[in-house]
2 protein chains.
Amino acid sequence: MESSQTLKPGMAKESIADLLRRHEINPTHQRVEIAQVLFERCEHLSADQIISHVNARFAETSKATVYNTLKLFLEKKLIRELIIDPNKVVYDPNTTPHHHFYDVATGRLTDIPADNIRIGTLPALPPGTVSDGVDIIIRTRPAA
Amino acid sequence: MESSQTLKPGMAKESIADLLRRHEINPTHQRVEIAQVLFERCEHLSADQIISHVNARFAETSKATVYNTLKLFLEKKLIRELIIDPNKVVYDPNTTPHHHFYDVATGRLTDIPADNIRIGTLPALPPGTVSDGVDIIIRTRPAA
DNA sequence: CCGCGAATTTAGACACTGTCTAACCCTCAC
DNA sequence: GTGAGGGTTAGACAGTGTCTAAATTCGCGG
């Protein structure tokens, strides 16, 4: 399958390689491919989808490499991991501090850009639905 | 292994059976055992722990039955499912509307009783830690 | 008490996601 | 060319949960 027309593959790969280098990641072939899949379409993709997308392009990449690379990207703060369900873990290329609103009824995942969280800033529930409660999962780390 | 002394097994089983009946659940032997494990110690237990605890009592209960029963309890709103990690799913016998505060750094899970959520009502972060963001997972359902 | 049909339970096979291992490959310095 | 080290790989493995088909139990009318 051909690469999409939206980005010039050559220059895109260059800047992605730079991005990796800026995060102290050795930009190998496979890593660039994986990063490109993640950043090109700015969606939240699962490991599974990433494997499919990468292998639909040029390179054959093994499952182990994709998992290794995602873990590396996580450590280097290039992406964030988002656990929606035990069988639905997705990766978020947006590393600016932000929050996520996930509605299990509709499957819709919304980004909340604020850092000033109040219930009033959340999107309204779809009409005719009620909430049993909100699970707030806060991901902390030692201050740098 | 003997049953604990804290509850009279007979009457406890009676009231638990009633609880199940009130939720339109046929109170079989195994279901009562599982419910008893969940409600006796009012902790958040994983499916794994529930299997161990049930089998440490009297009854031998198969893995499939425990999973079936937990799914049934969920449908009947007897318990809530709490996804902390892909490999850490626990069940909460407290069905009053409330929220959860989980700190991945400490592993501590706190109940937030309010229905008026504001960031100010959350426990303070441990000193020396910062947050990369908060994932708010809201579990909705059609209004009754 | 008997026996029937429906509901429930069961063991074990299966699927899925992610991890691990040990071998291989590629590059680069010398 | 050669050795060292990082990166990649296939496939085995582990944990969690689902499925299936058979066996058991239960409710209940006769």
Side-chain angles (χ1 to χ4, degrees), chain A residues 13 16-17 20-21 23-38 44-55 57-76 78-92 104, chain B residues 13-14 16-18 20-21 23-38 44-55 57-76 78-92 104:
Chain A
K13 270 191 191 149
I16 281 180
L20 297 187
R21 267 186 286 264
H23 284 259
E24 304 173 311
I25 296 168
N26 194 356
T28 67
H29 216 82
Q30 287 89 337
R31 289 171 181 173
V32 172
E33 286 290 333
I34 292 167
Q36 197 153 21
V37 166
L38 275 166
H44 308 89
L45 298 173
S46 69
D48 211 25
Q49 293 174 304
I50 293 167
I51 293 171
S52 305
H53 279 127
V54 168
N55 284 339
R57 281 164 161 277
F58 315 92
E60 283 296 302
T61 302
S62 76
K63 192 175 57 154
T65 299
V66 171
Y67 280 106
N68 286 342
T69 302
L70 288 174
K71 209 191 285 181
L72 179 67
F73 285 3
L74 279 175
E75 279 166 16
K76 299 298 187 182
L78 200 67
I79 58 177
R80 277 176 61 189
E81 194 179 39
L82 229 174
I83 297 152
I84 288 172
D85 226 66
N87 287 332
K88 188 157 186 179
V89 179
V90 297
Y91 296 89
D92 183 353
V104 289
Chain B
K13 271 192 189 147
E14 263 322 300
I16 281 179
D18 287 346
L20 296 187
R21 267 185 287 264
H23 285 260
E24 306 174 310
I25 296 167
N26 194 357
T28 67
H29 216 81
Q30 288 89 338
R31 288 171 181 172
V32 171
E33 285 291 333
I34 292 167
Q36 196 151 21
V37 166
L38 275 166
H44 307 90
L45 297 173
S46 68
D48 213 24
Q49 293 174 302
I50 293 167
I51 292 170
S52 306
H53 279 127
V54 168
N55 284 339
R57 282 161 162 277
F58 315 90
E60 284 295 305
T61 302
S62 75
K63 193 175 57 156
T65 299
V66 171
Y67 279 107
N68 286 342
T69 302
L70 288 174
K71 210 191 285 183
L72 179 66
F73 285 3
L74 279 176
E75 279 166 16
K76 299 298 188 184
L78 201 66
I79 58 176
R80 277 176 59 190
E81 193 179 41
L82 229 174
I83 295 152
I84 287 171
D85 226 67
N87 288 332
K88 189 158 187 177
V89 179
V90 297
Y91 296 89
D92 184 353
V104 288

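When reading the values below, keep in mind they use all heavy atoms of this one structure, side chains included, and skip hydrogens, waters and symmetry mates. In what follows, chains are A, B, ... by sequence order, proteins preceding strands, each numbered from 1.
Look at CD1 on B/I51: it is 9 Å from C1' on D/dT16, rounded to the nearest Å. Summarising the geometry, the separation between CD on A/Q49 and P on C/dC16 is reported as 15 Å, rounded to the nearest angstrom. Whole-Å rounding puts the B/L74 CG to D/dT18 P distance at 10 Å. When the P atom of C/dT17 is taken as reference, atom CG of A/L45 falls 14 Å away, rounded to whole Å. Here C/dA7 presents its C1' atom at 16 Å from CD of B/E24, a figure rounded to the nearest Å. We find that CG of A/N87 is positioned 10 Å from C1' of C/dA15, with the value rounded to whole Å. The separation between B/R21 atom CZ and D/dG27 atom C1' is 14 Å, rounded to whole Å. Atom CG of B/L70 is separated from atom C1' of C/dT8 by 15 Å (rounded to the nearest Å).
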Run the side chain to side chain contact (heavy atoms under 4.5 Å, CB included) test on B/R31 and B/T28 for me, step by step, so that the C-alpha distance in whole Å, both residues' side-chain angles and the decisive distance to 0.1 Å come before the verdict.
CA-CA 5 Å; B/R31 288 171 181 172; B/T28 67; 3.3 Å; yes
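For B/E75 (side chain) and B/L72 (main-chain N/O), no donor-acceptor pair under 3.5 Å exists by modelled atom type. Side chain of A/N55 to main chain of A/T61: a donor-acceptor pair is present (N/O by atom type, distance under 3.5 Å, no hydrogens or angles).
Taking the side chain as every heavy atom from C-beta outward, B/I50 and B/T69 never approach each other to under 4.5 Å. Side-chain contact between B/K63 and B/Y67 is present, with heavy atoms from C-beta onward closer than 4.5 Å.
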How would nucleotides 5-10 of chain D be written as a contact map, 5' to 3', with B for base contact, S for sugar-phosphate-only contact and - for no contact, using protein heavy atoms under 4.0 Å?
--SSBB
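Candidate nucleotides D/dT18, C/dC20, C/dT17 were compared by shortest atom distance to the side chain of B/Y67, and D/dT18 ranks first.
Residues forming a ring pair (Phe, Tyr, Trp, His ring centres under 6.0 Å) with B/H44 (at least two apart in sequence, or on another chain): B/H100.
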